[in-house]
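These notes are about the structure you will find just below.
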Amino acid sequence: MNNSSNKIDWRAVIVFVSIAFSSQCGGGFASGSTPWTYFFRNSGFFGILPEVHSAAFCLIAPCVVAIINCVVIYFFMKFAMDFRAYDYGTFLEKYGERFWGGILVKPLKYVYELNFNWTLIVCMALAYSTSGSALAELTGIPYLATTFIVGIIMFVLCMKGTDLVRKNAVFMSAVIFISLVVVHVPNLFSNIASGALGTQMAAIKAGFSFDYVNAAGVAGTEVIPAVAGAFGKYLLIALVWAYIFSGQNLAGFGAYVNHANIFNNKKTLRVAVILSVIANWAFLEMSAVNLASNYSEIINGWASGKAVYSIMIVQNGVFQGGMKVLSLTLITVAIFFATISTAINYAQGFNDRVLNWAEGAIFKNETAEEAAAKRNKRGMILTLAYIVVTWGVSQMGLTALVAKGLTAASLIILFTLILPTVMNVIIGWKDGEGWTE
């Protein structure tokens, strides 16, 4: 699609912003589970990382996430455009060839392949868990049954592929956007105006304890330590976990690069990336404020085994009666659409990569026409296997998937994408032939 025009293609901007918003604002985001886990209540990832004991800096974390995402997404999308690298296998080969004589090509590719596929499995499983948990908490239907229902819907929709994502991304993003606005904006203003935010932040800073009964019916006491005298420590912890939240978004970059060919110039790309990051930052910030304003209630729910904290924000929020029912319905729809759009995008990235590899390595004797004729059937088999595996993983539960699975992916992506991006930016590269600013 490259040409000499340097006008902003607003259609491409809207499509990319919609895809990025509905992918990054996935089920964990919409449910409040990922911001809660990373900004408020992470267990420290098996003792390797600093634990989150306080929400004292939770309100600056979304800004850090936005800055990291903006820089990295722009440069790897620019790289994909310049080198015509529209699947992540080709992308990684081109990326690694540019420094140290290409010695890192295979290590980067193999490690990222493993990490990306692990991320795809975790994110798809997270999609089941989020929608399944929301349905289970609202309806009382067993979690096993709700995730099975979601799995069937996922399989049907994933078979439609990238075209379905692009055609419906604007619609799904609009539904998610409107639902989150209805839920978060009124509660945001109410929590600030009523003093709930200030009261909860003061309580967090001072430290407190509470009694709870967990999902297994076992009683316990949770102690939240005071923040006093530990400013530097908690600021560092906030920055570390803000990066990790960003890293779990970026770990799925393979689901983005196959959309890089919708851009015809770099100006359009810049506008699209900036607007997508602003949209995600705004909703992440609102989510963080509302989570902080309901900290005492939500941490009790967390200790008791609940996992969909946006529902708790609505239940404890400004709306009453019919508006509360409407808000609960909207947040459930938003969570479902967010999980569906993320899952489809990730599954299609996985399918494209595997099928492209198979056609070049296993079915290389087939003609292009034969390969194209069989691609849908092979994709269906691959998708079914993927759905079955990820459904099995989803039975671990939402909190475990967020806290452990995506955190691991975030740490690996630091070496397979973040640092290589920084090195490529320092080295610099010429725009691809035919592209304009």
Side-chain angles (χ1 to χ4, degrees), residues 14 16-40 58-59 61-63 65-66 69 123 126-127 129-131 133-135 137-138 165 168-192 196-197 245-246 248-249 275-294 297-298 301 306-319 322-345 398 402:
I14 292 172
F16 181 79
V17 170
S18 300
I19 290 170
F21 179 70
S22 59
S23 294
Q24 291 182 45
C25 186
F29 187 130
S31 70
S33 180
T34 45
W36 172 263
T37 299
Y38 290 127
F39 303 157
F40 295 86
C58 62
L59 302 186
C63 185
V65 171
N69 281 0
C123 284
L126 185 61
S129 294
T130 309
S131 292
S133 295
L135 288 174
E137 289 184 20
L138 287 174
V165 177
N168 294 282
V170 175
F171 170 72
M172 288 191 289
S173 292
V175 173
I176 297 168
F177 181 89
I178 292 169
S179 300
L180 292 181
V181 165
V182 171
V183 169
H184 282 296
V185 172
N187 284 302
L188 176 78
F189 286 112
S190 174
N191 286 327
I192 294 174
L197 175 63
F245 185 96
S246 176
Q248 57 93 17
N249 288 155
L275 290 180
S276 69
V277 169
I278 289 173
N280 281 284
W281 166 78
F283 282 99
L284 184 57
E285 190 69 60
M286 285 192 291
S287 179
V289 170
N290 286 328
L291 288 169
S293 301
N294 292 273
E297 292 287 338
I298 292 175
K306 293 185 178 180
V308 186
Y309 307 116
S310 294
I311 290 177
M312 298 182 69
I313 290 173
V314 174
Q315 290 172 333
N316 298 324
V318 67
F319 294 124
M323 279 302 298
K324 178 171 286 189
V325 173
L326 176 62
S327 297
L328 286 170
T329 301
L330 286 174
I331 195 61
T332 304
V333 171
I335 291 169
F336 182 72
F337 271 36
T339 56
I340 288 290
S341 57
T342 301
I344 294 171
N345 213 14
L398 180 56
V402 172

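Index from 1, following the sequence. Since the model is a prediction, treat every value here as computed from it, not as a measurement.
Atoms OG and CH2, on Ser276 and Trp281 in that order, are 14.0 Å from each other to the nearest 0.5 Å. Note that CD1 of Ile176 is 10.0 Å distant from CD1 of Ile331, once rounded to the nearest 0.5 Å. Atom OG of residue Ser310 and atom CG of residue Leu330 lie 12.5 Å apart, to the nearest 0.5 angstrom. Considering CG of Asn290 and CD1 of Ile192, their distance stands at 8.0 Å, rounded to 0.5 Å. Rounded to the nearest 0.5 angstrom, Leu180 CG and Leu284 CG are separated by 11.0 Å. Between the CD1 atom of Ile313 and the CG atom of Leu291 there is a distance of 4.0 Å, given to the nearest 0.5 Å.
The shortest side-chain heavy-atom distance between Asn187 and Met286 does not fall under the 4.5 Å cut-off.
Across all non-hydrogen atoms, the minimal contact from Met312 to Gly301 is CE-CA, 4.0 Å. Val183 approaches Ser327 most closely through the heavy-atom pair CG2-O, 3.8 Å. Nearest heavy-atom pair across Val277 and Asn69 is CG2-C, 4.2 Å. Contact record, Val181 with Pro186: O-CD, 3.3 Å, taken as the closest heavy-atom pair. Here the shortest heavy-atom pairing between Ser287 and His184 reads CA-CE1, 3.8 Å. Minimum heavy-atom separation, Cys63 to Glu285: N-OE1, 4.3 Å.
Applying the 6.0 Å contact sphere to CZ of Phe177 captures no more than 12 heavy atoms from other residues, nucleotides or ligands.
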Worksheet entry | Residues Ile335, Val308; criterion side-chain contact (heavy atoms from CB on, under 4.5 Å); working and verdict | CA-CA 9 Å; Ile335 291 169; Val308 186; 3.7 Å; yes
- side-chain contact (heavy atoms from CB on, under 4.5 Å) evaluation trace for Leu197 with Leu188: CA-CA 9 Å; Leu197 175 63; Leu188 176 78; over 6 Å; no
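Between Tyr309 and Trp36, the angle of the ring planes lies from 30° to 60°, which puts this pair in the tilted group. In this structure, Phe245 and Phe39 have tilted ring planes: the angle between them lies in the 30° to 60° band.
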